[in-house]
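Inspection log for the structure reproduced underneath, given as structure tokens.
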Amino acid sequence: MEQIIKKSVLVLSCIAFIACNDSKKSTEKPVVNVSITSGVSHDILNKKVSCGDKNYSFSIPNFTSQTDADKVLNYNITKLITQDFIDLTYQKDASLNSIYETFLNRRERVLCEESKNEGLLDVKTIFVSDTEKFIGYELEFTRNDHKGRVLKTFLKPDMKEIKLADLIPEGKEYDVLTIFNANLQQAVANLITDIPTGELRDKFIVYLNNTAFQFDPEDFKTCDLSFQVNSKISKNLRLAKKVDLPKGFEFLNNTVVIEIDAYQLTHYLKLSNIIE
């Protein structure tokens, strides 16, 4: 009997291992061949997990065009909500909607039943932009009391993700670096609005006055980028940069966003594929 039990455990372990491998494969960055010339349908999945007097809100976009564009657009969203799936698996072809439901069930178990304040504590969809030339989105989240952001922009028709480096013409590198360094300093300074008046705020002001925040040119190849569409003639370029903050300021979102009117940057960036 003991040998049978051991064999059963071994079989179950193998199944679990295979399932884990399948789940890992599902988070591999998709390689697709698409041509998107119209809007990509989406909905916003938005539910709360309530534990007594505490509410945790999780809002994410779910792209539902039934084309391979969905795989590209949903990839980073899936990656975000499955990062804590240590003890869970899912089919590699599972829809984001079904993965989201699994995510919510796990959040309820961890946050409510086990009373552990860990993993994703909130996710918020800031916006989804979908124009004739590009599609993108921006999310904010809190994980283990640390805040972060996800910004993405994909050009149509081939759904290639773009970074700021893709938009900088030859000879404009220094100008662009100067512009974004100046705006980075202000973006970090804006964090002061999230700090209560008193000794902690004074400490932050001293830190700001003694610290120069700067981009490395290589950052423009990796930093997340989004474009917020306010109207047909108003689009804001938003570039994210993770900065180092001193101990005691972990509650701030140290992935700051530099926001500039895209039309003001047409002399410095190649934006014909973004704005009209």
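Leu139 and Ile162 fall into different hydrophobic clusters, where Ile, Leu, Val, Met, Phe, Trp and Tyr residues are linked whenever their side-chain heavy atoms come under 4.5 Å apart, directly or through other members. Placement of Leu239 and Leu191 within a single hydrophobic cluster is found when ILVMFWY residues are connected by side-chain heavy-atom separations under 4.5 Å, directly or transitively.
Without hydrogens or angle criteria, Thr82 side chain to Phe85 main chain gives no donor-acceptor distance under 3.5 Å. Between the side chain of Asn254 and the main chain of Val243, a donor-acceptor pair closer than 3.5 Å is present. A donor-acceptor distance shorter than 3.5 angstrom exists from the side chain of Asp166 to the backbone of Lys163, with no hydrogens or angles considered. Judged purely by atom type and a 3.5 angstrom limit, Glu250 uses its side chain to pair as donor or acceptor with the backbone of Gly248. Side-chain N or O atoms of Asp261 include one that pairs as donor or acceptor with a backbone N or O of Tyr263 at under 3.5 Å. Asp70 places a side-chain N or O within donor-acceptor distance of the main-chain N or O of Ser65, the cut-off being under 3.5 Å. A donor-acceptor pair is defined here as one N or O able to donate and one able to accept, closer than 3.5 Å; no such pair exists between the side chain of Thr255 and the backbone of Gly148. No donor-acceptor pair under 3.5 Å is formed between the side chain of Asn62 and the backbone N or O of Ile44. In this structure a side-chain-to-backbone donor-acceptor pair under 3.5 Å is present from Lys133 to Ser272.
Inter-residue side-chain proximity for Phe134 and Val229 is flagged as met; some heavy-atom pair is nearer than 4.5 Å. Side chains of Phe220 and Glu173 form no contact here, defined as non-hydrogen atoms less than 4.5 Å apart. Side-chain contact check for Tyr268 versus Ile260: every heavy-atom pair is 4.5 Å or farther apart. Within the 4.5 Å cutoff, no side-chain heavy atoms of Thr64 are placed close to those of Asn97. Residues Ile192 and Arg201 are in side-chain contact: their nearest non-hydrogen atoms beyond the backbone lie under 4.5 Å apart. For the pair Val49 and Phe58, the minimum side-chain heavy-atom distance is below 4.5 Å. Annotation: side chain of Ile274 is in contact with side chain of Leu155 (closest heavy-atom distance under 4.5 Å). In this structure the side chain of Phe127 reaches within 4.5 angstrom of the side chain of Arg238, judged on heavy atoms.
Atom NZ of Lys172 is surrounded by more than 12 heavy atoms from other residues, nucleotides or ligands within 6.0 Å. Within a 6.0 Å radius of CG in Asp244, no more than 12 heavy atoms belonging to other residues, nucleotides or ligands are found. For CD of Glu199, the number of neighbouring non-hydrogen atoms (other residues, nucleotides, ligands) closer than 6.0 Å is 12 at most. By the neighbour-count criterion of 12 heavy atoms within 6.0 Å, atom CG of Asn209 is densely surrounded, having more than that number from other residues, nucleotides or ligands. Within a 6.0 Å sphere centred on NZ of Lys270, heavy atoms belonging to other residues, nucleotides or ligands number more than 12. No more than 12 heavy atoms of other residues, nucleotides or ligands lie within 6.0 Å of CD in Glu132, so this atom counts as exposed by the packing criterion.
Ser57 and Asp122 share no donor-acceptor pair across their side chains, judged by distance under 3.5 Å alone. Residues Gln186 and Asn190 have side chains that bring a donor and an acceptor to within less than 3.5 angstrom of each other.
Remark: Arg149 does not engage Asp224 in a salt bridge, criterion side-chain N to carboxylate O under 4.0 Å.
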Report task. Any chance you could lay out the side-chain contact (heavy atoms from CB on, under 4.5 Å) test for Leu271 and Leu167, step after step, and finish with the verdict? Result -> CA-CA 7 Å; Leu271 293 174; Leu167 305 176; 3.9 Å; yes

